[in-house]
Amino acid sequence: MKVEKIDYIWSALSMIVLGVSFHKGHLIYGLLIIYGLMVVLFYYHIFTIRRYISDSVAVFGEITDYHEDSKTKNVFPIVKYTTAGGREITSAYTVASRERKYEIGEEELICYSPDDPMFFYFSGKESELTQDYYRFIIVGGIIAAVLFLVSLIK
């Protein structure tokens with residue numbers, strides 16, 4: 001997914017909250033507020049992805065290549081497909097993987113969003129698009145709970 005205006009707003013708001021809470025001597029509370037803002041932002045992204053999924057169109061796409069991130073060694077399959085309107089699209093999958101799950105030249109059923117044809121996912125693997133958001137919410141929740149308990153002890 002692309003960076004949206006709400007992401008920039010969240011970043012600026014986080015910096016303001018962090019600066020003010022540090023200045024007032026309540027950094028832990030500032031971090032808890034930032035976690036709350038993060039949860040709201042992540043649920044916004046999850047909602048957006050689910051909207052794309054609900055409006056998606058299924059077509060077969062051909063795996064043409066892989067993009068490899070040289071730093072992380074993650075790979076992203078590059079898929080070529082034709083939309084219902086006849087537009088030919090070549091796009092990289094947004095979810096990283098450590099292994100090449102598909103053979104080059106193989107055809108897979110994918111679903112794309114008519115609103116944003118570059119956005120697609122492999123049919124039956126919708127959860128891959130949101131699993132990292134949920135993971136960060138849970139891990140962040142654990143950290144937020146520990147910070148909150150530390151603030152109560154002081």
Side-chain angles (χ1 to χ4, degrees), residues 1-19 28 30-149:
M1 299 295 290
K2 58 186 173 238
V3 178
E4 298 179 23
K5 187 188 300 186
I6 192 169
D7 297 313
Y8 293 117
I9 293 169
W10 180 82
S11 297
L13 197 55
S14 295
M15 290 298 164
I16 292 168
V17 167
L18 199 60
I28 289 177
L31 293 173
L32 293 173
I33 291 168
I34 289 172
Y35 170 71
L37 293 171
M38 179 189 74
V39 169
V40 169
L41 178 68
F42 284 179
Y43 274 114
Y44 167 79
H45 283 298
I46 290 168
F47 173 77
T48 301
I49 289 169
R50 285 187 178 162
R51 187 176 45 110
Y52 278 150
I53 288 172
S54 69
D55 296 337
S56 64
V57 176
V59 296
F60 281 97
E62 179 186 356
I63 311 301
T64 60
D65 201 357
Y66 279 88
H67 168 72
E68 184 173 336
D69 185 332
S70 59
K71 292 180 186 175
T72 63
K73 302 297 183 204
N74 287 329
V75 293
F76 304 84
I78 299 173
V79 179
K80 182 178 176 180
Y81 53 96
T82 305
T83 65
R87 183 174 166 200
E88 195 168 283
I89 303 288
T90 301
S91 182
Y93 193 40
T94 58
V95 179
S97 175
R98 293 271 184 201
E99 60 189 54
R100 295 175 182 234
K101 297 179 182 179
Y102 309 99
E103 295 292 325
I104 293 178
E106 185 177 1
E107 288 208 354
E108 290 289 327
L109 185 62
I110 62 144
C111 300
Y112 72 90
S113 169
D115 295 336
D116 182 7
M118 296 296 285
F119 172 80
F120 75 93
Y121 60 92
F122 289 96
S123 182
K125 301 196 180 201
E126 295 85 353
S127 64
E128 288 181 341
L129 299 171
T130 56
Q131 69 188 6
D132 285 340
Y133 290 118
Y134 287 118
R135 188 176 297 132
F136 288 132
I137 289 170
I138 291 168
V139 170
I142 292 168
I143 293 169
V146 169
L147 287 174
F148 181 71
L149 291 174

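Predicted model, so just to flag it, every value in this text is computed and none were measured.
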So, the side chain of Y66 versus the backbone of Y102: is there a donor-acceptor pair under 3.5 Å, distance only?
-> yes
Contacts of D55 that satisfy side chain to side chain donor-acceptor pair (under 3.5 Å) - sequence neighbours left out = none
Is there a side-chain contact between S91 and Y81, using heavy atoms and a 4.5 Å cut-off?
-> yes
Do I34 and L18 touch side chain to side chain, with heavy atoms closer than 4.5 Å?
-> yes
Heavy-atom pair of closest approach, residues T83 and P117 = CG2-CB, 4.1 Å
Just do the side chain to side chain contact (heavy atoms under 4.5 Å, CB included) check on L129 and V95 with the steps written out, would you?
-> CA-CA 7 Å; L129 299 171; V95 179; 3.9 Å; yes
Neighbour count above 12 (heavy atom, 6.0 Å) for Y134 OH = yes
Supply the atom-to-atom distance T94 OG1 to D132 CG, rounded to the nearest 0.5 angstrom.
-> 10.0 Å
Any chance CZ of R100 has more than 12 other-residue heavy atoms, nucleotides or ligands included, within less than 6.0 Å?
-> yes
When rounded to the nearest 0.5 angstrom, what distance separates CD1 in I89 from OG1 in T82?
-> 8.5 Å
Euclidean distance, K101 NZ relative to E106 CD, rounded to 0.5 Å | 12.5 Å
Determine whether I49 and Y133 make a side-chain contact, defined as any pair of heavy atoms from C-beta on separated by less than 4.5 Å.
-> yes
Between I63 and P77 the two heavy atoms that sit nearest each other are CG2-CB, 4.4 Å
Return yes if some donor-acceptor pair links the side-chain N/O of T64 with the main-chain N/O of I78 below 3.5 Å, else return no.
-> yes
Stepwise side chain to side chain contact (heavy atoms under 4.5 Å, CB included) check, F119 with T48 | CA-CA 12 Å; F119 172 80; T48 301; over 6 Å; no
Between OG1 on residue T130 and CD1 on residue I137, distance to nearest 0.5 Å | 9.5 Å
So which heavy atom on G61 is nearest to which on I110, and how close?
-> N-CG1, 4.2 Å
Might you point out which heavy atoms bring A144 and L32 nearest each other, and give the distance in Å?
-> O-CD2, 3.2 Å
Can you find a side-chain donor-acceptor pair between Y121 and S56 that sits under 3.5 Å?
-> yes
Rounded to the nearest 0.5 Å, how far apart are CZ of R135 and CZ of F42?
-> 12.0 Å
Heavy-atom check, side chain of F76 versus side chain of D65, under 4.5 Å | no
Correct closest heavy-atom pair for S113 and Y52 would be OG-CD2, 3.1 Å
Shortest non-hydrogen contact from E126 toward G124 | OE1-C, 3.2 Å
NZ/K73 to CZ/R98 distance, rounded to the nearest 0.5 angstrom?
-> 10.0 Å
Check whether the ring centres of Y93 and F120 lie less than 6.0 Å apart, and answer yes or no.
-> yes
